[in-house]
Number of protein chains: 2
Amino acid sequence: MPLPSDEKSIVHVVDDDASMRGALQDLFLSIGLETRTYATAQDFLDTPVPDSPGCLIIDIRLPDMNGLDFQAQLSRTGVRLPVVMMTGYGDIPMSVRAMKRGAVDFLPKPFKDQDMLDAVFAAIERGRQQRAVDGDVSKVRERFETLSAREKQVMVLVTDGKMNKQVAGDLGISEITAKIHRGAAMRKMGARTLADLVRIADVINPRRRP
Amino acid sequence: MPLPSDEKSIVHVVDDDASMRGALQDLFLSIGLETRTYATAQDFLDTPVPDSPGCLIIDIRLPDMNGLDFQAQLSRTGVRLPVVMMTGYGDIPMSVRAMKRGAVDFLPKPFKDQDMLDAVFAAIERGRQQRAVDGDVSKVRERFETLSAREKQVMVLVTDGKMNKQVAGDLGISEITAKIHRGAAMRKMGARTLADLVRIADVINPRRRP
DNA sequence: ATCCAATTCATACTTTGATATGAGCATGCC
DNA sequence: GGCATGCTCATATCAAAGTATGAATTGGAT
(Lines give C-alpha, C1' and ligand atoms only; values in the text may rest on other atoms or scores of the structure.)
Protein backbone atom coordinates (compact mmCIF):
# COMPACT_ATOMS: atom_id res chain seq x y z
CA MET A 1 0.00 0.00 0.00
CA PRO A 2 1.42 3.34 -1.00
CA LEU A 3 1.91 6.06 1.53
CA PRO A 4 -0.45 8.88 0.57
CA SER A 5 1.89 11.53 1.89
CA ASP A 6 4.68 10.18 -0.29
CA GLU A 7 2.64 10.11 -3.48
CA LYS A 8 3.87 12.57 -6.04
CA SER A 9 1.36 14.66 -7.87
CA ILE A 10 1.18 14.47 -11.63
CA VAL A 11 0.00 17.32 -13.80
CA HIS A 12 -1.67 16.25 -17.04
CA VAL A 13 -1.74 18.84 -19.78
CA VAL A 14 -4.11 18.45 -22.73
CA ASP A 15 -3.52 21.04 -25.45
CA ASP A 16 -3.09 20.73 -29.17
CA ASP A 17 -0.55 23.51 -29.20
CA ALA A 18 2.86 21.90 -28.89
CA SER A 19 4.57 25.07 -27.77
CA MET A 20 2.04 25.55 -24.99
CA ARG A 21 2.54 21.95 -23.90
CA GLY A 22 6.25 22.55 -23.79
CA ALA A 23 5.96 25.82 -21.92
CA LEU A 24 3.66 24.34 -19.30
CA GLN A 25 5.84 21.29 -18.91
CA ASP A 26 8.85 23.52 -18.32
CA LEU A 27 6.88 25.59 -15.85
CA PHE A 28 5.70 22.62 -13.83
CA LEU A 29 9.00 20.79 -14.00
CA SER A 30 10.72 23.91 -12.71
CA ILE A 31 8.91 23.47 -9.42
CA GLY A 32 9.37 19.73 -9.34
CA LEU A 33 5.93 18.62 -10.54
CA GLU A 34 5.82 15.54 -12.70
CA THR A 35 4.11 16.47 -15.95
CA ARG A 36 2.57 14.54 -18.81
CA THR A 37 1.26 16.08 -21.97
CA TYR A 38 -1.38 15.06 -24.49
CA ALA A 39 -2.24 16.65 -27.84
CA THR A 40 -5.87 15.50 -27.93
CA ALA A 41 -8.64 14.43 -25.63
CA GLN A 42 -8.57 10.96 -27.14
CA ASP A 43 -4.85 10.80 -26.53
CA PHE A 44 -5.50 11.34 -22.82
CA LEU A 45 -8.42 8.95 -22.68
CA ASP A 46 -6.35 6.24 -24.39
CA THR A 47 -3.52 6.57 -21.93
CA PRO A 48 -3.85 4.75 -18.64
CA VAL A 49 -3.82 7.31 -15.83
CA PRO A 50 -2.07 6.14 -12.67
CA ASP A 51 -4.19 6.41 -9.57
CA SER A 52 -2.15 9.21 -8.07
CA PRO A 53 -2.97 12.74 -6.98
CA GLY A 54 -2.63 15.59 -9.41
CA CYS A 55 -4.72 17.61 -11.76
CA LEU A 56 -5.72 18.06 -15.35
CA ILE A 57 -5.07 21.17 -17.44
CA ILE A 58 -7.38 21.31 -20.42
CA ASP A 59 -7.54 23.70 -23.32
CA ILE A 60 -11.18 24.34 -24.13
CA ARG A 61 -10.49 24.13 -27.83
CA LEU A 62 -9.24 20.72 -28.74
CA PRO A 63 -9.07 19.16 -32.19
CA ASP A 64 -11.31 16.23 -31.42
CA MET A 65 -13.55 17.38 -28.63
CA ASN A 66 -14.92 20.43 -26.88
CA GLY A 67 -13.21 20.98 -23.55
CA LEU A 68 -16.53 21.14 -21.74
CA ASP A 69 -17.71 17.86 -23.21
CA PHE A 70 -14.35 16.40 -22.34
CA GLN A 71 -14.80 17.57 -18.77
CA ALA A 72 -18.24 16.01 -18.63
CA GLN A 73 -16.98 12.74 -20.05
CA LEU A 74 -14.20 12.48 -17.50
CA SER A 75 -16.52 11.93 -14.58
CA ARG A 76 -18.36 9.28 -16.57
CA THR A 77 -15.12 7.42 -17.26
CA GLY A 78 -14.11 7.47 -13.61
CA VAL A 79 -11.31 10.00 -13.87
CA ARG A 80 -11.49 12.03 -10.68
CA LEU A 81 -8.74 14.56 -11.38
CA PRO A 82 -9.57 18.19 -10.62
CA VAL A 83 -9.72 20.23 -13.81
CA VAL A 84 -8.19 23.57 -14.67
CA MET A 85 -9.53 25.00 -17.90
CA MET A 86 -7.66 27.36 -20.17
CA THR A 87 -8.58 28.96 -23.42
CA GLY A 88 -7.58 31.56 -25.94
CA TYR A 89 -10.98 32.36 -27.29
CA GLY A 90 -13.53 31.56 -24.58
CA ASP A 91 -16.31 33.76 -23.34
CA ILE A 92 -18.02 34.24 -20.01
CA PRO A 93 -20.83 31.69 -20.47
CA MET A 94 -18.23 29.10 -21.29
CA SER A 95 -16.23 29.84 -18.17
CA VAL A 96 -19.40 29.80 -16.07
CA ARG A 97 -20.42 26.46 -17.46
CA ALA A 98 -17.01 25.03 -16.70
CA MET A 99 -17.08 26.31 -13.14
CA LYS A 100 -20.59 24.97 -12.62
CA ARG A 101 -19.34 21.57 -13.63
CA GLY A 102 -16.72 21.72 -10.97
CA ALA A 103 -13.64 23.16 -12.64
CA VAL A 104 -11.17 24.53 -10.14
CA ASP A 105 -10.23 27.49 -12.30
CA PHE A 106 -10.59 28.89 -15.77
CA LEU A 107 -7.67 30.84 -17.24
CA PRO A 108 -7.82 32.89 -20.42
CA LYS A 109 -4.68 32.79 -22.54
CA PRO A 110 -2.32 34.38 -22.15
CA PHE A 111 -2.01 33.92 -18.43
CA LYS A 112 0.72 34.69 -15.94
CA ASP A 113 2.82 31.74 -14.87
CA GLN A 114 1.93 32.48 -11.28
CA ASP A 115 -1.79 32.35 -12.01
CA MET A 116 -1.41 28.93 -13.55
CA LEU A 117 0.68 27.73 -10.64
CA ASP A 118 -1.88 29.01 -8.16
CA ALA A 119 -4.61 27.21 -10.04
CA VAL A 120 -2.62 23.99 -10.14
CA PHE A 121 -1.82 24.16 -6.45
CA ALA A 122 -5.47 24.74 -5.62
CA ALA A 123 -6.50 21.86 -7.88
CA ILE A 124 -3.98 19.49 -6.38
CA GLU A 125 -5.05 20.43 -2.90
CA ARG A 126 -8.70 19.88 -3.73
CA GLY A 127 -7.82 16.54 -5.24
CA ARG A 128 -5.89 15.50 -2.17
CA GLN A 129 -8.81 16.21 0.07
CA GLN A 130 -11.20 14.43 -2.26
CA ARG A 131 -8.88 11.45 -2.40
CA ALA A 132 -8.64 11.36 1.36
CA VAL A 133 -12.40 11.28 1.70
CA ASP A 134 -12.83 8.77 -1.09
CA GLY A 135 -10.16 6.57 0.44
CA ASP A 136 -11.85 6.56 3.82
CA VAL A 137 -15.19 5.72 2.31
CA SER A 138 -13.68 2.95 0.22
CA LYS A 139 -11.98 1.37 3.19
CA VAL A 140 -15.21 1.32 5.15
CA ARG A 141 -17.09 -0.12 2.21
CA GLU A 142 -14.48 -2.82 1.74
CA ARG A 143 -14.74 -3.77 5.37
CA PHE A 144 -18.49 -3.88 5.10
CA GLU A 145 -18.17 -6.28 2.20
CA THR A 146 -16.29 -8.71 4.43
CA LEU A 147 -19.45 -9.10 6.47
CA SER A 148 -21.72 -12.03 5.76
CA ALA A 149 -25.18 -11.32 4.40
CA ARG A 150 -26.80 -11.75 7.79
CA GLU A 151 -24.23 -9.62 9.53
CA LYS A 152 -24.91 -6.82 7.07
CA GLN A 153 -28.64 -7.04 7.67
CA VAL A 154 -28.18 -7.02 11.42
CA MET A 155 -25.80 -4.09 11.24
CA VAL A 156 -28.26 -2.05 9.23
CA LEU A 157 -31.06 -2.67 11.67
CA VAL A 158 -28.89 -2.10 14.72
CA THR A 159 -27.55 1.19 13.41
CA ASP A 160 -31.12 2.13 12.70
CA GLY A 161 -31.65 2.06 16.44
CA LYS A 162 -33.36 -1.28 16.77
CA MET A 163 -32.85 -3.50 19.79
CA ASN A 164 -31.60 -7.04 19.39
CA LYS A 165 -35.09 -8.29 20.07
CA GLN A 166 -36.52 -6.17 17.25
CA VAL A 167 -33.70 -7.13 14.92
CA ALA A 168 -34.41 -10.77 15.61
CA GLY A 169 -38.11 -10.24 14.99
CA ASP A 170 -37.55 -8.41 11.73
CA LEU A 171 -35.26 -11.12 10.44
CA GLY A 172 -37.22 -14.01 11.84
CA ILE A 173 -34.37 -15.32 13.96
CA SER A 174 -33.76 -15.66 17.67
CA GLU A 175 -32.40 -12.85 19.75
CA ILE A 176 -29.34 -14.86 20.57
CA THR A 177 -28.45 -15.29 16.94
CA ALA A 178 -28.95 -11.60 16.38
CA LYS A 179 -26.52 -10.88 19.20
CA ILE A 180 -23.94 -13.11 17.60
CA HIS A 181 -24.21 -11.38 14.26
CA ARG A 182 -24.17 -8.02 15.95
CA GLY A 183 -20.97 -8.85 17.79
CA ALA A 184 -19.39 -10.17 14.62
CA ALA A 185 -20.31 -7.02 12.72
CA MET A 186 -18.82 -4.85 15.44
CA ARG A 187 -15.59 -6.80 15.40
CA LYS A 188 -15.26 -6.92 11.63
CA MET A 189 -16.06 -3.23 11.23
CA GLY A 190 -13.61 -2.29 13.93
CA ALA A 191 -16.27 -0.60 15.99
CA ARG A 192 -15.52 -0.57 19.68
CA THR A 193 -18.84 0.99 20.59
CA LEU A 194 -22.31 1.37 19.12
CA ALA A 195 -21.58 5.04 18.50
CA ASP A 196 -18.69 3.99 16.29
CA LEU A 197 -20.87 1.57 14.37
CA VAL A 198 -23.55 4.21 13.80
CA ARG A 199 -21.00 6.63 12.36
CA ILE A 200 -19.50 3.91 10.18
CA ALA A 201 -22.94 3.03 8.90
CA ASP A 202 -23.57 6.65 8.04
CA VAL A 203 -20.40 6.77 6.00
CA ILE A 204 -21.64 3.84 3.94
CA ASN A 205 -25.20 5.06 3.81
CA PRO A 206 -25.42 8.77 4.57
CA ARG A 207 -28.64 10.00 6.16
CA ARG A 208 -30.25 12.85 4.22
CA ARG A 209 -31.81 14.65 7.17
CA PRO A 210 -31.59 14.19 10.89
CA MET B 1 -44.05 29.29 12.91
CA PRO B 2 -44.33 29.76 9.13
CA LEU B 3 -44.82 26.81 6.90
CA PRO B 4 -41.71 26.59 4.70
CA SER B 5 -43.66 25.27 1.75
CA ASP B 6 -45.99 28.27 1.95
CA GLU B 7 -43.23 30.85 2.06
CA LYS B 8 -43.10 32.95 -1.06
CA SER B 9 -39.75 33.59 -2.63
CA ILE B 10 -38.55 37.16 -3.04
CA VAL B 11 -36.17 38.24 -5.76
CA HIS B 12 -33.94 41.17 -4.83
CA VAL B 13 -32.48 43.12 -7.73
CA VAL B 14 -29.53 45.43 -7.19
CA ASP B 15 -28.70 47.51 -10.27
CA ASP B 16 -28.10 51.20 -10.76
CA ASP B 17 -29.82 51.13 -14.13
CA ALA B 18 -33.45 52.01 -13.54
CA SER B 19 -34.64 50.57 -16.83
CA MET B 20 -32.96 47.26 -16.04
CA ARG B 21 -34.57 47.21 -12.61
CA GLY B 22 -37.93 47.81 -14.21
CA ALA B 23 -37.43 45.19 -16.89
CA LEU B 24 -36.38 42.56 -14.39
CA GLN B 25 -39.21 43.42 -12.07
CA ASP B 26 -41.67 43.00 -14.93
CA LEU B 27 -40.06 39.74 -15.88
CA PHE B 28 -40.24 38.28 -12.40
CA LEU B 29 -43.67 39.63 -11.66
CA SER B 30 -44.94 38.06 -14.86
CA ILE B 31 -44.26 34.66 -13.37
CA GLY B 32 -45.59 35.60 -9.95
CA LEU B 33 -42.34 36.21 -8.14
CA GLU B 34 -42.31 38.97 -5.57
CA THR B 35 -39.58 41.42 -6.52
CA ARG B 36 -37.76 44.21 -4.74
CA THR B 37 -35.29 46.53 -6.37
CA TYR B 38 -32.34 48.54 -5.10
CA ALA B 39 -30.22 51.11 -6.89
CA THR B 40 -27.09 50.65 -4.82
CA ALA B 41 -25.42 48.10 -2.60
CA GLN B 42 -25.85 50.40 0.37
CA ASP B 43 -29.53 50.69 -0.42
CA PHE B 44 -29.85 46.94 -0.11
CA LEU B 45 -27.73 46.73 3.02
CA ASP B 46 -29.78 49.47 4.68
CA THR B 47 -33.06 47.71 3.97
CA PRO B 48 -34.11 44.96 6.35
CA VAL B 49 -34.35 41.72 4.43
CA PRO B 50 -37.14 39.43 5.58
CA ASP B 51 -36.00 35.93 6.45
CA SER B 52 -37.69 34.33 3.48
CA PRO B 53 -36.41 32.25 0.59
CA GLY B 54 -35.37 33.94 -2.60
CA CYS B 55 -32.28 35.19 -4.32
CA LEU B 56 -30.23 38.23 -5.08
CA ILE B 57 -29.51 39.57 -8.55
CA ILE B 58 -26.48 41.84 -8.55
CA ASP B 59 -24.95 43.93 -11.26
CA ILE B 60 -21.19 43.73 -10.97
CA ARG B 61 -20.82 47.40 -11.61
CA LEU B 62 -22.52 49.39 -8.90
CA PRO B 63 -22.03 53.07 -8.07
CA ASP B 64 -20.86 52.53 -4.55
CA MET B 65 -19.31 49.10 -4.50
CA ASN B 66 -17.83 46.41 -6.67
CA GLY B 67 -20.24 43.54 -7.10
CA LEU B 68 -17.63 41.03 -5.99
CA ASP B 69 -16.88 42.94 -2.82
CA PHE B 70 -20.59 43.23 -2.26
CA GLN B 71 -20.91 39.48 -2.61
CA ALA B 72 -18.12 38.95 -0.12
CA GLN B 73 -19.65 41.36 2.34
CA LEU B 74 -23.02 39.67 2.25
CA SER B 75 -21.82 36.52 3.93
CA ARG B 76 -20.16 38.62 6.60
CA THR B 77 -23.40 40.45 7.31
CA GLY B 78 -25.37 37.24 7.62
CA VAL B 79 -27.32 37.49 4.39
CA ARG B 80 -27.60 33.98 3.06
CA LEU B 81 -29.37 34.63 -0.24
CA PRO B 82 -27.96 32.85 -3.27
CA VAL B 83 -26.44 35.32 -5.71
CA VAL B 84 -26.85 35.67 -9.46
CA MET B 85 -24.37 38.07 -10.99
CA MET B 86 -24.91 40.06 -14.15
CA THR B 87 -22.74 42.52 -15.95
CA GLY B 88 -22.36 44.51 -19.11
CA TYR B 89 -18.63 44.80 -19.15
CA GLY B 90 -17.23 41.85 -17.20
CA ASP B 91 -14.48 39.52 -18.24
CA ILE B 92 -13.72 35.88 -17.66
CA PRO B 93 -11.56 36.28 -14.53
CA MET B 94 -14.33 38.29 -12.96
CA SER B 95 -16.92 35.61 -13.67
CA VAL B 96 -14.59 32.92 -12.38
CA ARG B 97 -14.01 34.82 -9.18
CA ALA B 98 -17.74 35.21 -8.66
CA MET B 99 -18.39 31.53 -9.24
CA LYS B 100 -15.54 30.56 -6.90
CA ARG B 101 -17.21 32.63 -4.22
CA GLY B 102 -20.40 30.68 -4.64
CA ALA B 103 -22.45 32.63 -7.17
CA VAL B 104 -25.15 30.49 -8.73
CA ASP B 105 -24.72 32.02 -12.16
CA PHE B 106 -23.08 34.88 -13.99
CA LEU B 107 -24.92 36.45 -16.90
CA PRO B 108 -23.41 38.90 -19.35
CA LYS B 109 -25.75 41.64 -20.52
CA PRO B 110 -27.69 41.46 -22.63
CA PHE B 111 -29.14 38.12 -21.65
CA LYS B 112 -32.22 36.22 -22.71
CA ASP B 113 -35.16 36.39 -20.34
CA GLN B 114 -35.17 32.63 -20.16
CA ASP B 115 -31.53 32.49 -19.11
CA MET B 116 -32.24 34.87 -16.25
CA LEU B 117 -35.29 32.89 -15.21
CA ASP B 118 -33.32 29.67 -15.27
CA ALA B 119 -30.65 31.25 -13.11
CA VAL B 120 -33.23 32.58 -10.66
CA PHE B 121 -34.98 29.25 -10.41
CA ALA B 122 -31.70 27.50 -9.77
CA ALA B 123 -30.76 30.08 -7.15
CA ILE B 124 -34.09 29.83 -5.37
CA GLU B 125 -33.86 26.07 -5.34
CA ARG B 126 -30.35 26.16 -3.92
CA GLY B 127 -31.53 28.59 -1.28
CA ARG B 128 -34.44 26.38 -0.34
CA GLN B 129 -32.20 23.42 0.23
CA GLN B 130 -29.74 25.50 2.20
CA ARG B 131 -32.53 26.89 4.31
CA ALA B 132 -33.87 23.43 4.98
CA VAL B 133 -30.49 22.25 6.19
CA ASP B 134 -29.88 25.39 8.22
CA GLY B 135 -33.30 25.09 9.78
CA ASP B 136 -32.72 21.52 10.84
CA VAL B 137 -29.37 22.37 12.35
CA SER B 138 -30.82 25.35 14.18
CA LYS B 139 -33.60 23.30 15.67
CA VAL B 140 -31.20 20.73 16.98
CA ARG B 141 -28.92 23.41 18.41
CA GLU B 142 -31.84 25.08 20.13
CA ARG B 143 -32.87 21.82 21.68
CA PHE B 144 -29.33 21.21 22.82
CA GLU B 145 -29.35 24.60 24.54
CA THR B 146 -32.30 23.50 26.66
CA LEU B 147 -30.05 20.90 28.27
CA SER B 148 -28.40 21.73 31.56
CA ALA B 149 -24.63 22.02 31.68
CA ARG B 150 -24.21 18.54 33.09
CA GLU B 151 -26.61 17.02 30.61
CA LYS B 152 -24.62 18.52 27.77
CA GLN B 153 -21.38 17.12 29.13
CA VAL B 154 -22.89 13.69 29.58
CA MET B 155 -24.39 13.73 26.11
CA VAL B 156 -21.04 14.59 24.55
CA LEU B 157 -19.29 11.76 26.35
CA VAL B 158 -22.06 9.27 25.68
CA THR B 159 -22.17 10.05 21.96
CA ASP B 160 -18.43 9.66 21.99
CA GLY B 161 -19.03 6.02 22.79
CA LYS B 162 -18.30 6.07 26.50
CA MET B 163 -20.18 3.84 28.92
CA ASN B 164 -22.05 5.36 31.84
CA LYS B 165 -19.28 4.19 34.13
CA GLN B 166 -16.65 6.02 32.11
CA VAL B 167 -18.81 9.11 31.83
CA ALA B 168 -19.20 9.14 35.58
CA GLY B 169 -15.47 8.72 36.04
CA ASP B 170 -14.61 11.49 33.62
CA LEU B 171 -16.99 13.91 35.31
CA GLY B 172 -16.23 12.79 38.84
CA ILE B 173 -19.80 11.79 39.60
CA SER B 174 -21.52 8.53 40.35
CA GLU B 175 -22.72 6.22 37.62
CA ILE B 176 -26.29 6.66 38.82
CA THR B 177 -26.15 10.40 38.36
CA ALA B 178 -24.66 9.94 34.93
CA LYS B 179 -27.56 7.68 34.02
CA ILE B 180 -30.04 10.30 35.13
CA HIS B 181 -28.41 12.99 33.02
CA ARG B 182 -28.18 10.60 30.13
CA GLY B 183 -31.86 9.84 30.29
CA ALA B 184 -32.72 13.52 30.57
CA ALA B 185 -30.58 14.34 27.55
CA MET B 186 -32.25 11.60 25.51
CA ARG B 187 -35.70 12.87 26.42
CA LYS B 188 -34.93 16.53 25.83
CA MET B 189 -33.23 15.86 22.51
CA GLY B 190 -36.06 13.66 21.35
CA ALA B 191 -33.78 10.69 20.84
CA ARG B 192 -35.53 7.38 21.20
CA THR B 193 -32.34 5.35 20.81
CA LEU B 194 -28.63 5.84 21.21
CA ALA B 195 -28.27 5.76 17.44
CA ASP B 196 -30.55 8.77 17.24
CA LEU B 197 -28.55 10.62 19.85
CA VAL B 198 -25.29 9.93 18.03
CA ARG B 199 -26.65 11.33 14.80
CA ILE B 200 -28.06 14.37 16.57
CA ALA B 201 -24.70 14.97 18.19
CA ASP B 202 -23.01 14.79 14.81
CA VAL B 203 -25.36 17.44 13.45
CA ILE B 204 -24.30 19.76 16.24
CA ASN B 205 -20.67 18.78 16.08
CA PRO B 206 -19.81 17.15 12.76
CA ARG B 207 -17.00 14.64 12.79
CA ARG B 208 -14.25 15.42 10.26
CA ARG B 209 -13.24 11.89 9.42
CA PRO B 210 -14.66 8.51 10.34
C1' DA C 1 -16.23 -37.51 0.19
C1' DT C 2 -14.64 -33.90 2.97
C1' DC C 3 -13.89 -29.63 4.70
C1' DC C 4 -15.31 -24.97 5.56
C1' DA C 5 -18.10 -20.99 6.22
C1' DA C 6 -22.45 -19.41 7.27
C1' DT C 7 -26.37 -19.74 9.93
C1' DT C 8 -29.02 -21.21 13.45
C1' DC C 9 -30.19 -21.93 18.49
C1' DA C 10 -29.74 -23.16 23.63
C1' DT C 11 -27.93 -22.38 28.23
C1' DA C 12 -25.60 -19.67 31.38
C1' DC C 13 -23.35 -15.74 33.32
C1' DT C 14 -21.81 -10.91 33.67
C1' DT C 15 -22.15 -6.24 32.56
C1' DT C 16 -24.61 -2.39 31.17
C1' DG C 17 -28.69 0.43 30.41
C1' DA C 18 -33.31 2.38 31.78
C1' DT C 19 -36.25 3.83 35.17
C1' DA C 20 -38.67 4.79 39.46
C1' DT C 21 -38.70 6.30 44.27
C1' DG C 22 -36.81 9.00 47.74
C1' DA C 23 -33.79 12.36 49.43
C1' DG C 24 -30.05 15.99 50.53
C1' DC C 25 -27.90 20.33 49.09
C1' DA C 26 -26.89 24.67 46.62
C1' DT C 27 -28.25 28.58 43.78
C1' DG C 28 -30.99 32.03 42.32
C1' DC C 29 -35.49 34.29 41.85
C1' DC C 30 -39.88 36.46 43.40
C1' DG D 1 -38.90 33.19 53.51
C1' DG D 2 -40.51 30.21 49.99
C1' DC D 3 -39.91 27.91 45.66
C1' DA D 4 -38.12 26.10 41.47
C1' DT D 5 -34.18 24.19 39.30
C1' DG D 6 -30.17 21.82 38.98
C1' DC D 7 -26.98 18.45 40.80
C1' DT D 8 -26.06 14.86 43.60
C1' DC D 9 -26.57 9.93 45.36
C1' DA D 10 -28.72 5.40 47.23
C1' DT D 11 -31.57 1.43 46.65
C1' DA D 12 -34.05 -1.46 43.83
C1' DT D 13 -35.89 -3.64 39.76
C1' DC D 14 -36.21 -4.99 35.03
C1' DA D 15 -34.74 -5.05 30.35
C1' DA D 16 -31.09 -5.36 27.29
C1' DA D 17 -26.39 -6.14 25.81
C1' DG D 18 -22.07 -8.83 25.65
C1' DT D 19 -19.71 -13.11 25.96
C1' DA D 20 -18.64 -18.00 26.30
C1' DT D 21 -19.47 -22.90 25.38
C1' DG D 22 -21.52 -26.23 22.75
C1' DA D 23 -23.96 -27.96 18.92
C1' DA D 24 -26.82 -28.78 14.66
C1' DT D 25 -27.78 -27.78 9.72
C1' DT D 26 -26.90 -26.22 5.17
C1' DG D 27 -24.53 -25.28 0.95
C1' DG D 28 -20.64 -24.76 -1.59
C1' DA D 29 -15.69 -25.49 -2.56
C1' DT D 30 -11.78 -28.74 -2.78
Side-chain angles (χ1 to χ4, degrees), chain A residues 138-205 207 210, chain B residues 138-205 207 210:
Chain A
S138 296
K139 279 179 191 167
V140 172
R141 280 191 199 282
E142 283 169 21
R143 276 200 171 181
F144 186 69
E145 287 312 313
T146 69
L147 269 60
S148 71
R150 267 299 199 230
E151 287 161 354
K152 288 179 188 175
Q153 295 172 333
V154 170
M155 174 171 160
V156 168
L157 295 174
V158 165
T159 55
D160 205 51
K162 292 202 164 68
M163 294 182 305
N164 290 331
K165 190 182 295 188
Q166 297 175 280
V167 172
D170 288 2
L171 297 179
I173 59 180
S174 85
E175 186 182 341
I176 297 169
T177 307
K179 285 186 185 181
I180 293 176
H181 292 317
R182 179 184 187 138
M186 295 274 289
R187 244 180 300 109
K188 290 186 181 179
M189 297 306 295
R192 238 188 73 265
T193 67
L194 177 57
D196 292 339
L197 196 67
V198 170
R199 295 196 171 98
I200 289 170
D202 283 357
V203 170
I204 298 172
N205 228 299
R207 291 283 191 282
Chain B
S138 296
K139 280 179 191 167
V140 172
R141 281 190 199 281
E142 282 169 21
R143 276 200 171 182
F144 186 70
E145 287 311 315
T146 69
L147 268 61
S148 71
R150 268 298 198 229
E151 286 161 356
K152 288 180 187 174
Q153 294 172 334
V154 170
M155 174 171 160
V156 168
L157 294 174
V158 165
T159 54
D160 204 53
K162 292 202 164 68
M163 292 182 305
N164 290 332
K165 189 181 297 186
Q166 298 174 280
V167 173
D170 287 2
L171 297 179
I173 59 179
S174 85
E175 186 181 342
I176 297 169
T177 306
K179 284 186 185 181
I180 294 176
H181 292 317
R182 178 184 187 138
M186 295 274 288
R187 244 180 303 108
K188 291 186 181 178
M189 297 306 295
R192 237 188 72 266
T193 67
L194 178 57
D196 292 339
L197 197 66
V198 169
R199 294 195 171 97
I200 290 170
D202 283 358
V203 169
I204 298 173
N205 228 298
R207 291 279 189 284

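Each chain gets a letter, A, B and so on, in the order the sequences are listed, and its residues count up from 1.
- Looking at B/M189 and B/V140, their side chains come closer than 4.5 Å, going by heavy atoms from C-beta outward.
- What separates CZ of B/R182 from P of C/dT19 is a distance of 10 Å, to the nearest Å.
- Put simply, the side chain of A/E145 never gets that close to the backbone of A/E142: no donor and acceptor are under 3.5 Å apart.
- Rounded to whole angstrom, the span from the CD atom of B/E151 across to the P atom of D/dT5 amounts to 13 Å.
- Of the possible polar contacts, none joining the A/D160 side chain to the A/V156 backbone as a donor-acceptor pair under 3.5 Å is found.
- Between the CD1 atom of A/I180 and the P atom of C/dA6 there is a distance of 14 Å, rounded to whole Å.
- Distance from the side chain of B/S174 is smallest to D/dA10 among C/dG17, C/dT11, D/dA10.
- A donor-acceptor contact shorter than 3.5 Å is absent between the side chain of B/N205 and the backbone of B/A201.
- For A/N164, no side-chain nitrogen or oxygen approaches OP1 or OP2 of D/dA16 to under 4.0 Å.
- Listed here is the closest heavy atom pair of A/A185 and A/L147: CB-CD2, 3.9 Å.
- Listed candidates were C/dT8, C/dA6, D/dT11. Nearest to the side chain of B/I176 is D/dT11.
- Look at B/K165 and you won't find any side-chain N or O under 4.0 angstrom from OP1 or OP2 of C/dT15.
- The distance between atom CG of A/L194 and atom C1' of C/dT15, rounded to the nearest whole Å, is 16 Å.
- To the nearest angstrom, P of D/dC9 lies 10 Å from CG of B/L171.
- In this structure a side-chain-to-backbone donor-acceptor pair under 3.5 Å is present from A/T159 to A/M155.
- For D/dC7, neither phosphate oxygen OP1 nor OP2 lies less than 4.0 angstrom from any side-chain nitrogen or oxygen of B/T177.
- In the helix from C/dA1-D/dT30 to C/dC30-D/dG1, the rotation axis of the first five pairs and that of the last five pairs differ in direction by 40°, rounded to 10 degrees.
- Within the structure, a side-chain polar atom (N or O) of A/R150 is placed less than 4.0 Å from OP1 or OP2 of C/dT8.
- Each of B/R182, B/R187, B/K188 was compared with B/E151 under the side chain to side chain donor-acceptor pair (under 3.5 Å) criterion, and only B/K188 meets it.
- Following rounding to the nearest Å, A/L147 (CG) and C/dA5 (P) show an atom-to-atom distance of 16 Å.
- Distances shorter than 4.0 Å separate none of the side-chain N or O atoms of B/K179 from OP1 or OP2 on C/dT19.
- Where A/G172 and A/K188 meet DNA chain C, the nucleotide closest to each residue was compared, and A/K188 sits on the side nearer the 5' end.
- Spacing between atom CZ of A/R187 and atom C1' of D/dA20 amounts to 12 Å, rounded to whole angstrom units.
- A straight line from NE2 of B/H181 to P of D/dC9 spans 8 Å, rounded to a whole angstrom.
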